[in-house]
Every structure is written in structure tokens, then in C-alpha cells.
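Here is how names work: the chains are called A, B, and so on, in the same order as the sequence lines, proteins then strands, and each is numbered from 1.
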Amino acid sequence: MTRNRWGGRDLLHRWEGNPILILEDMPFPCNTVFNGTPVKHDGEYLLLIRVEGQRGYSFFTLARSEDGYHFTVMKKPAMVPATNGPFAKYETRGIEDPRATFIDGTYYILYTAVSEHGYRIALAQTDDFEKFERIAMISEPGNKDGVLFPEKVGGYYVRLDRPLGLGVGSIWLSRSPDLINWGDSEMLLPPRAGYWDPFRVGASVPPIRTDKGWLEIYHGTKMTSAGPIYRAGAVMLDIEDPTIVLHRCMVPILSPREDYERIGDVGNVVFPCGAIVEPDGEIKVYYGAADTCMAVATANLSDLLECQTE
Amino acid sequence: MSRNHGRDLIHRWEGNPAITIDDLGFACADISTAGAVKFQNEYLLLLTIQSLEGTYSIYPARSSDGRHFQIGNEPVLAPTSTDNKVQYEQMGLLDARVTPLEKEYYVTYDVWGHHGFRLGLARTKNFKTFKRQGYISEPDTKGGCLFPGKIKGRYARLERPWEGGSIWISYSDDLRHWGGSEIVMSPRGGYWDCTRIGTATPPVRLPIGWLIIYYGVKGTSAGPLFRLGAAILNLRNPSKLVGRTDEPILSPREIYERVGDLPNLVYSCGLIVEKGGEVKLYYGASNSCIAMGFTTVDALVKACMNGGDRP
């Protein structure tokens, strides 16, 4: 399945059957389907996808697959914006961009809660992707793109996120003793002038533990007169102290090039929200394309690691 | 001179402005705000002073009568030059607010750097030495006010995240990791505080609730118009509003409030409640000098409870 494509257009190479989910695959009417996060659960591929309904707000629906490529979408949404309880007033405009991390025997979903008060990061938990329990709102407004490390580091849970101060979109790192109260925040990765990611960057895939460090696949944007271009990049963080950036790939690992990435509600966007590393070393990166459909691209994990060192 | 029928609920001191840059023993760009506390029978202010280079630091001022102040020549809190911290505070430290808590005093302040504003925390027992406790928020938030006691067993703070322009509350068990953030008050369409609001003075505990002074902004074609209002928050659950003034308690009217680096601005970081219920409010005017005004706790409570529209 996996081919080395060093001479190709991107380090990640697209599955030839892309896109894997489009509007016509949905069992109910909706506007778009994108930005899904994958897990491998009991040998099955589960993809928690963001669906934007016709009315204009987003919610999550589960898709299931035997092979990681051909998915069947469940008829009933998995998680919809809260309409009562303490979460309701922060989800009045929807829930977006889930990221799943398996830690301590359960799955945690970080997602973006949207309301008139702004964007903030919320935490939910599930054991089976059928029942989801909301745990807490874990950021103030003005923050999104939260991803959780799959294990504690230095005795603390660790997350990456993207606060937006003065319009500077950098990736930050915060720590928590209990997943609910967060602090010790530090700036981790800023946009880079003169590169493909000079405008804003944000965490995309929950960090993956490798022999060379924590691999973080992030998104970077470049602003143009026609709007932003969203690409995916890779950065390697120190295992013991992930505030140390060991290597940052000079070039994007995936750029919008195919029609389904160029054309859609928000064109010129590839936006990963998760990846699965197979036992043979292949990595499957699931990404939303043009805020309109879901696609998948693969590589050898070892190739991605080499990209780090130029 | 008493002004019982004056233009604002807060009566200005006739000696205003209380502190201008001409009162300093050194040259600076401006004095913008003052945190306030009564400590060992002395009135202490923590002034935000901008250097001529353009960076902000916190300086002490002392007074025996609360009106005439001696200003220190050295800052008690200044931006660090430590390499990896410079990005967070290259513009400086500003808007210090003092809260007595557990036999010490905590100072919250805004840390201004490349990424915007974030909150810093320091503590002191004597107002001579201050121990910085690190950053307690991500960007972009400012106006951190610590509550002077625990709420349901947890430390709490008010603040104003940039996004949404509302006042929020957050909680902590250790003053280091924070969570449970909830919205407290928002701007009101059609009012003097319609564009954004923010915390001004740290909460004062009253039987009826937590009394705060807040600032409200109305955007105009000439820039923002900053006024002060007051609110009372529920004692056990401060994200519940008990009362809020319909009208401002102080608006820029005097020449020193209208003219300066940021004209048409009154902005407070501290007040002192005297034993008889008199309130001394210290406020920055036009980001250029410090002024003071008087009222009473009863007058503030009455104004809050007369507010019609909530929240």
C-alpha cells in the first residue's frame, strides 16, 4: 500500500480513492463533512467527523471502517452542541474540530466550542465512541486547536493549543495535574517569516511518540490576497521536555493541490485532525479538505522523521 | 468642597490630579494606573509608569493621608531580561492590582509582550520585596483581579479575555493551574458600556455580594470612551450578577481626563474602603496621571441595585 514518493509533489501521498467522505456519503442532509479525528478501536477504524449542518453550525458524527479507507457514516449524530447544562452557553454556535487521544485506557476528545463569547477548548471523554461525556471547558475564550499528548510528561498532562494574542497565531504548550485546571503555559512554535507558514500555525494531530521525539503534525497558513492557504507541516519535540523544538521541517508535508482541496466552502485548505500509525510503520493522516470533504494521505513514519533533519 | 449634586456618583478630589509626572524624581513618559491598599496605617499605591523608552514597570507610592504621595524612584516590579521570557514581557508589566489573601498580599498585573497580554502574579508581605509567581494565563487576557478569599474552597480571579470583550471568572486550587472559566458580565448594547468591558478594582466582600468597579468602553469615531461602572456579584457563585449600575459612576469630564496620551479615559485598578464606609477611588486619567475620587459603599450598592437591565 505504501509507496515512497520522494519525487512526488508532497511527502504525504494521497490515497488514490480520495476523498474518502463527501456530502453524498452522508445518510442525512447536511452542508459539509470535514476535519475528522481517527482512532483504531478493537481493530476497527473509527472516524469522528465534523459535520456542518444546513443551518450552519457544526456537530460530530461517527464513521466506521474495516480498512481505514472505506467508511460508513452512522445515521445518528454522535455529539451535538449542548442545549442545557453548563456547556450550553459556550456551544450556541456549534462544536468543531475534534481531536481524539487514547490515554489511561480511555479516549479524550478535545474540541472547539463556539459561541457568541468566542472559541474555547472543551474536553469530552468516551470509551466506545457511542456515549460521550463532557468533562470541562478547559480554556478561556480566544483559544482553539487543542491536542492532548497521549501520556503524562514530567508528571503532568500536556496539551498544545493556539491562543490568538494580537493576531499572532502561535502554538502554545500548557500543563495540568488533572486535565481540568491548566497552567505553566509557554509559547512553543511561532509562525515563520519567509516560509510557507508565516501567518499562523496551530496544532493539528495529537503528538505521536517516536524514537526521535514527539512528532507533531501541525497546520500553517500563509495569507494571500485571495485568503489564507492552509498546509500541513511537521515538527519534532523533545520527549522529556516537549517545550524544546528539536527539528522543524522546512517544507510542508502536504499542500492543497487536488481539486477537492482547492475547491469548496473554504478553498485551499488541508487540515489534519488525527493520524493512525500502523504496526508496519505506515502513518495514515486524516484531513479535512477545503472545509468540505474528508481525505487521507499516507507515508512511512520513518520518512516523516527524516524530513525533520532536512 | 463637597459636591452633593455633582455630575457623577464619584466626587473628584479638589486637589486632582493627585499624581502627575512632575511629581516624580525621574523623567518618564506617563503614569497610567494605580493599585491601592492600606498597609500599616499607610496608603500605598502601585503605579504603572511608562519609561521614556516606552516600557512599563510598577513603582511604589506612599502617603499618610491618602491624598499626598511620595513616589519611589525604583520599580518594585519590572520586566525581566531573561532570554526566554522577553517575548512575553518586552513591553513591560502594568496595571497592578492588590489583593489581601491568607496573611499576605498578592499582586496581579498585565504582562505585555509579542503575543499580547497575559496575567502575572506576585506576592509580598511588606511591599518592599515582591516575589514573582509566574504567569497564570495564556494570551490574550488582562485585568486580572484576585478575590480576597476562597470561594467554595477555591481561589478565584476575574479577568477580561480579549475575545468577546466580557468579564470572566476562573478558579484554581494552587494559584498556578486554572480552570472552570465562566462568563460573568458582557457589554450591553445601547449603553455606555456597549463595546467592551473589563475588571477595574479587585472584589470587595460585602454582606450583599462582591462589589467590583469595572470599566466600560464605547467606541466612537474619535476612539474609545472609557468610563467606570460598578457591579455586585453573588458571594457563593460570582458568575451570577446581583446588581449592576445602569449609569456610569465616573465619566471623563475634567481636562486631565479629556486630554492626554489616551484621551477620554478613566480607568481604575484600586480603591480603599475606610472603616466608616467611605471609599477612596484611585484612577488613571487619560493614561497620563492619577486622580482620586470619593464615594461610599452604600452609594455604590444603591447604584448597583437600582440598575434595571441585567445582566
Side-chain angles (χ1 to χ4, degrees), chain A residues 86-90 92-93 113-123 135-144 146 156-191 200 241 243-245, chain B residues 84-91 110-121 133-142 144 154-187 189 196 237 239 311:
Chain A
F87 293 80
K89 70 174 128 174
Y90 304 111
T92 54
R93 295 179 186 176
V114 191
S115 72
E116 60 271 32
H117 307 302
Y119 293 90
R120 56 190 304 207
I121 301 168
L123 173 69
I135 305 291
M137 289 282 164
I138 58 170
S139 84
E140 296 182 64
N143 206 337
K144 62 197 299 195
Y156 290 94
Y157 295 103
V158 183
R159 79 172 190 225
L160 305 178
D161 60 25
R162 213 291 299 282
L164 200 58
L166 295 183
V168 181
S170 300
I171 299 175
W172 286 57
L173 182 146
S174 294
R175 300 174 182 85
S176 173
D178 55 11
L179 289 172
I180 293 171
N181 300 288
W182 292 83
D184 294 342
S185 307
E186 292 181 60
M187 203 283 294
L188 175 69
L189 200 77
R200 284 175 186 164
D241 179 2
T243 63
I244 299 172
V245 175
Chain B
N84 63 341
K85 298 274 172 62
V86 168
Q87 61 175 322
Y88 304 122
E89 47 190 78
Q90 68 226 125
M91 292 300 291
D110 300 339
V111 184
W112 188 6
H114 175 69
H115 310 281
F117 291 99
R118 55 194 302 210
L119 306 180
L121 183 68
Q133 304 288 294
Y135 309 119
I136 56 171
S137 81
E138 292 184 78
D140 196 357
T141 186
K142 64 189 302 197
R154 308 193 74 193
Y155 299 106
R157 74 177 192 226
L158 298 173
E159 66 194 293
R160 209 296 300 282
W162 175 256
E163 180 133 333
S166 297
I167 295 173
W168 288 62
I169 188 168
S170 297
Y171 297 91
S172 175
D173 295 321
D174 55 9
L175 292 173
R176 184 173 151 205
H177 301 95
W178 293 80
S181 305
E182 279 200 81
I183 195 158
V184 177
M185 287 164 61
S186 293
R196 59 181 193 271
N237 180 6
S239 62

Part of A:S176 lying under 4.5 Å from any heavy atom of chain B: backbone

Worked check of side chain to side chain contact (heavy atoms under 4.5 Å, CB included) between A:N181 and B:R154: CA-CA 12 Å; A:N181 300 288; B:R154 308 193 74 193; 2.8 Å; yes

Salt bridge (charged side-chain N to carboxylate O under 4.0 Å, His left out) partner of B:E138, the single match among A:K144, A:R159, A:R120: A:R159

Chain A contact via B:E182 - which portion, at a heavy-atom distance below 4.5 Å: both

Plane angle bin for A:W172 and B:H115 - parallel if under 30°, tilted between 30 and 60°, otherwise perpendicular: perpendicular

Atom pair CD (A:E116) and CD1 (B:I183), whose distance is rounded to the nearest 0.5 Å: 7.5 Å

Contact class of A:S174 relative to chain B, heavy atoms under 4.5 angstrom: side chain

Chain A contact via B:D173 - side chain, backbone, both or neither, heavy atoms under 4.5 Å: side chain

Close aromatic pair by centroid cut-off 6.0 Å: A:Y90 and B:W168: yes

Atom pair CD1/OH of A:I180 and B:Y171 - distance to nearest 0.5 Å: 14.5 Å

Smallest separation among heavy atoms of A:R175 and B:H177, with atom names: O-CD2, 3.3 Å

Heavy-atom neighbours of B:Y88 OH exceed 12 at 6.0 Å: yes

Within-4.5 Å side-chain heavy-atom neighbours: A:H117 and B:S186: yes

Greatest number of heavy atom pairs closer than 4.5 Å to chain B - which of A:P177, A:S185, A:P141, A:P163: A:P141

B:S137 to A:E140 - nearest heavy-atom pair and separation: CB-OE2, 4.2 Å

